[in-house]
There are 2 protein chains.
Amino acid sequence: MKHRTLSCDYGCPVEAAMQVIGGKWKSLILYHLHCNSIMRFNALQKAIQSINQRMLANQLRELEADKLVHRKVYPVVPPKVEYSLTELSKPLGEILLNLRDWGEYYTNALDKT
Amino acid sequence: MKHRTLSCDYGCPVEAAMQVIGGKWKSLILYHLHCNSIMRFNALQKAIQSINQRMLANQLRELEADKLVHRKVYPVVPPKVEYSLTELSKPLGEILLNLRDWGEYYTNALDKT
DNA sequence: CCGTATCCACTTTGATACTG
DNA sequence: CAGTATCAAAGTGGATACGG
């Protein structure tokens with residue numbers, strides 16, 4: 001579970017980008033945050049169905065450390081925490097939208113063959 | 001090294017996309033192929049410095065199986081093999097360009113803090 | 001030049017149970 | 001509601017040596 005928070009010795013910026021959005025879940029989390037602006041922990045888990053609590057919490061922590069999600073905690077009972085994109089990750093949200101479209105195009109194209 | 005070639009039970013297309021470009025190398029390979037149109041095995045290895053032969057061969061095979069790279073073999077000695085994007089992956093190349101720009105923006109922004 | 005084969009360490013992910 | 005803790009399984013990546 002060691003997550004190397006960014007040093008700047010990347011060769012190519014593509015590598016840097018993949019480093020922070022790579023893995024099985026991060027791009028999905030960011031994508032859903034982009035579409036919904038603000039989401040609570042539970043909402044994210046419902047949106048991503050197959051993720052479990054441990055992974056969701058885990059990935060959110062890493063994204064937060066990399067300054068790609070903002071975490072707002074309301075000091076109430078029961079707990080309320082809201083997640084959203086940051087200024088850094090907002091442009092990335094747009095790209096993920098394109099990636100989503102390509103993913104659709106791609107799977108459709110595969111189906112036809 | 002088990003690579004599940006695509007079935008179509010993805011929830012969200014973002015997931016599908018990440019499935020095929022995920023991992024440490026694939027996005028980089030596709031990015032370089034996008035920039036150079038056609039590249040030989042050696043050229044790719046030089047472009048990506050830190051990758052080793054096994055991984056490069058491996059990832060290229062998977063990308064080929066997923067129809068994201070085209071592999072053209074010239075029956076000559078010494079061997080000559082050219083790799084290029086396919087119709088399916090060309091639009092992806094454009095997206096990787098955007099991802100590259102964001103990666104640059106992101107690392108610069110981090111440096112300033 | 002363009003790969004394969006083997007072998008192994010590390011990392012990531014998942015199931016389950018528990019908590020303030 | 002929003003998490004942690006623990007344990008185990010699976011996946012991924014790397015070094016090295018060899019081959020047509």
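Atom set for the values below is all heavy atoms of this structure, side chains included, hydrogens, waters and symmetry mates excluded.
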Nearest whole angstrom, please: distance from the C1' of dG11(D) to the CG of Asn58(B). 12 Å
Kindly point out which of dG3(C), dT13(C), dG3(D) is positioned nearest to the side chain of Met55(A)? dT13(C)
Considering only heavy side-chain atoms of Asn42(B), the closest of dG3(D), dC2(C), dG20(C) is dC2(C)
Measure from the side chain of Val81(B), starting at C-beta and using heavy atoms only, and say which of dA15(D), dG3(C), dC1(D) lies closest. dG3(C)
Side chains of Leu60(A) and Leu44(A): closer than 4.5 Å at any heavy-atom pair? yes
Hey, which sits more toward the 5' end of DNA chain C by its nearest nucleotide, Arg61(B) or Pro78(A)? Arg61(B)
Quick one: does any side-chain atom of Asn52(B) pair with a main-chain N or O of Arg54(B) as donor and acceptor, under 3.5 Å? yes
Rounded to whole angstroms, how far apart are CZ on Phe41(A) and C1' on dT19(C)? 14 Å
Just the rounded figure in Å: distance from P of dT4(C) to CD of Gln59(B). 13 Å
Phosphate oxygens OP1/OP2 of dG14(C): is one of them under 4.0 Å from a side-chain N or O of Asn52(A)? no
Presence of Arg40(B) side-chain N/O under 4.0 Å of dG3(C) phosphate oxygens OP1/OP2: no
Is any side-chain heavy atom of Ile29(A) less than 4.5 Å from a side-chain heavy atom of His32(A)? no
Do Leu110(A) and Leu88(B) come close enough that some side-chain heavy atom pair is under 4.5 Å? yes
Just N and O in the side chain of Tyr83(B): are any of them under 4.0 Å from OP1 or OP2 of dG3(C)? yes
Nearest-neighbour nucleotide for the Lys24(A) side chain, dG14(D), dC2(C), dG14(C) considered: dG14(C)
What is the separation between atom NZ on Lys46(A) and atom C1' on dC1(D), rounded to the nearest whole Å? 10 Å
Separation of dT13(C) P from Trp25(A) CH2 (nearest whole Å): 9 Å
Using whole Å, what does the distance between atom P of nucleotide dA15(C) and atom CD of Gln45(A) come to? 12 Å
Check this one for me: any side-chain N or O of Arg54(B) less than 4.0 Å away from OP1 or OP2 of dT6(C)? no
Test side-chain contact (heavy atoms from CB on, under 4.5 Å) applied to Phe41(B) and Lys46(B), Gln53(B), Glu82(B), the passing residue: Gln53(B)
